[in-house]
Amino acid sequence: QVQLVESGGGLVQAGGSLRLSCAASGLTFSRYAMGWFRQAPGKEREFVAATKTGRIEYQESVKGRFTISRDNAKNTMYLQMNSLKPEDTALYYCAAVSSYYSGSYRLMAAYEHWGQGTQVTVSS
């Protein structure tokens with residue numbers, strides 16, 4: 001059974017930082033590309049960032065503020081979020097897709113496995 005478990009969300013003031021983690025089990029972590037998505041109430045789930053060997057992608061609005069990384073030895077992916085804004089408030093999801101996938105990593109449909117999300121709330 002594949003499990004992805006997000007953690008690290010919380011309440012923070014604008015300008016603050018949070019570090020999200022996604023712990024994976026039940027899969028060969030190094031063979032999967034990993035992504036972060038987020039969804040605010042009443043809005044569609046949107047791509048945030050993705051990572052695989054030799055490739056990192058970010059949504060334009062988070063470039064320079066968020067950093068995605070992974071530690072294959074720990075089967076964990078991270079999202080370091082700095083300079084947080086109220087518009088970053090959302091439920092953040094971790095997702096995984098086989099590295100054999102050759103399409104866009106910005107599409108929800110690309111991903112085979114999803115976590116349950118961790119809430120990030122940024123106050124003004």
Side-chain angles (χ1 to χ4, degrees):
Q1 181 181 355
V2 174
Q3 288 188 306
L4 303 177
V5 181
E6 303 94 337
S7 62
L11 287 77
V12 63
Q13 292 185 327
S17 298
L18 286 172
R19 190 191 194 199
L20 306 184
S21 297
C22 172
S25 62
L27 53 75
T28 303
F29 188 72
S30 63
R31 296 179 183 176
Y32 281 77
M34 304 293 298
W36 288 100
F37 286 75
R38 65 187 183 185
Q39 186 169 23
K43 296 185 178 180
E44 294 292 324
R45 193 171 299 185
E46 66 177 359
F47 172 79
V48 177
T51 181
K52 63 172 292 184
T53 301
R55 181 174 173 181
I56 293 176
E57 298 184 22
Y58 294 100
Q59 181 201 105
E60 190 68 25
S61 68
V62 309
K63 287 182 178 178
R65 300 189 298 120
F66 291 11
T67 302
I68 189 171
S69 63
R70 64 192 292 164
D71 186 338
N72 288 345
K74 296 183 181 294
N75 286 2
T76 303
M77 173 181 65
Y78 306 95
L79 186 68
Q80 178 66 47
M81 305 185 296
N82 299 326
S83 301
L84 283 162
K85 304 175 180 180
E87 47 264 51
D88 294 318
T89 295
L91 189 64
Y92 282 70
Y93 295 91
C94 167
V97 59
S98 170
S99 292
Y100 290 110
Y101 174 73
S102 60
S104 173
Y105 287 89
R106 298 172 180 265
L107 303 176
M108 287 181 56
Y111 294 86
E112 303 168 74
H113 308 289
W114 292 83
Q116 295 300 305
T118 185
Q119 179 67 40
V120 172
T121 302
V122 184
S123 66
S124 59

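It should be emphasised that the depicted structure is a prediction, and the values quoted were computed from it without experimental measurement.
- Residue pairs satisfying the ring pair (Phe, Tyr, Trp, His ring centres under 6.0 Å) criterion with at least one member in residues 51-100, sequence neighbours excluded, are absent.
- Atoms NZ and CZ, from Lys43 and Arg38 in turn, are 8.5 Å apart once rounded to the nearest 0.5 Å.
- Taking both residues in full, the closest heavy atoms of Lys74 and Thr76 are given as O-OG1, 2.8 Å, listed atom of the first, atom of the second, then distance.
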Walk me through it: do Glu44 and Phe37 pass the test side-chain contact (heavy atoms from CB on, under 4.5 Å)?
CA-CA 10 Å; Glu44 294 292 324; Phe37 286 75; over 6 Å; no
Could you give me the CA-CA distance, side-chain angles and deciding distance for Ser69 and Gln80, then say whether side-chain contact (heavy atoms from CB on, under 4.5 Å) is met?
CA-CA 8 Å; Ser69 63; Gln80 178 66 47; over 6 Å; no
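- Contact record, Leu91 with Gln119: CD1-N, 3.6 Å, taken as the closest heavy-atom pair.
- Checking Val12, Val122, Val120, Leu11 one by one against Thr89, the side-chain contact (heavy atoms from CB on, under 4.5 Å) holds for a single residue, Val122.
- Contact record, Ser104 with Ala110: O-CB, 3.5 Å, taken as the closest heavy-atom pair.
- Taking each heavy atom of Ala90 and Ala40 in turn, the nearest pair found is CB-N, 3.8 Å.
- Gly9 and Leu20 make their closest contact through N-CD2, 3.6 Å (heavy atoms, listed as atom of the first residue, atom of the second, distance).
- Pairs of residues two or more places apart, or lying in two chains, never qualify as salt bridge (Lys or Arg N to Asp or Glu O under 4.0 Å) while including a residue from residues 9-25.
- Looking at heavy atoms from C-beta onward, Arg70 lies in side-chain contact with Phe29 at the 4.5 angstrom threshold.
- Note that CD1 of Ile68 and CE of Met77 are 5.0 Å apart. Values are rounded to the nearest 0.5 Å.
- Here the CE-CG distance, from Met81 to Leu18, works out to 4.5 Å after rounding to the nearest 0.5 Å.
- The nearest pair of heavy atoms linking Ala96 to Leu4 is N-CD1, 3.8 Å.
- Using a 4.5 Å heavy-atom threshold, the side chains of Lys85 and Arg65 count as touching.
- Going from atom CG of Leu27 over to atom CG of Asn75 covers 7.0 Å, rounded to the nearest 0.5 Å.
- Residues Lys52 and Tyr32 are not in side-chain contact: their nearest non-hydrogen atoms beyond the backbone lie 4.5 Å or more apart.
- Trp36 CH2 to Met34 CE: the interatomic distance, rounded to the nearest 0.5 Å, is 8.0 Å.
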Under the side chain to side chain donor-acceptor pair (under 3.5 Å) criterion, do Asn82 and Ser17 qualify, and how do the steps go?
CA-CA 4 Å; Asn82 299 326; Ser17 298; 2.9 Å; yes
Pair Thr51-Glu57, side-chain contact (heavy atoms from CB on, under 4.5 Å): steps then yes or no
CA-CA 7 Å; Thr51 181; Glu57 298 184 22; over 6 Å; no
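- Note that the CD atom of Gln3 and the OG atom of Ser25 stand 4.5 Å from one another [nearest 0.5 Å].
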Could you walk me through whether Phe47 and Met108 pass the side-chain contact (heavy atoms from CB on, under 4.5 Å) test, one step at a time?
CA-CA 8 Å; Phe47 172 79; Met108 287 181 56; over 6 Å; no
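- Using bins of under 30°, 30° to 60° and over 60° for the plane-to-plane angle, the ring pair Tyr111/Tyr105 lands in the perpendicular bin.
- The environment of CD in Gln116 is sparse: at most 12 heavy-atom neighbours from other residues, nucleotides or ligands sit within 6.0 Å.
- The side-chain heavy atoms of Leu79 and Val48, taken from C-beta on, include a pair separated by under 4.5 Å.
- Listed by first and then second residue, the disulfide bond (SG atoms under 2.5 Å apart) pairs that reach into residues 48-123 are Cys22-Cys94, sequence neighbours excluded.
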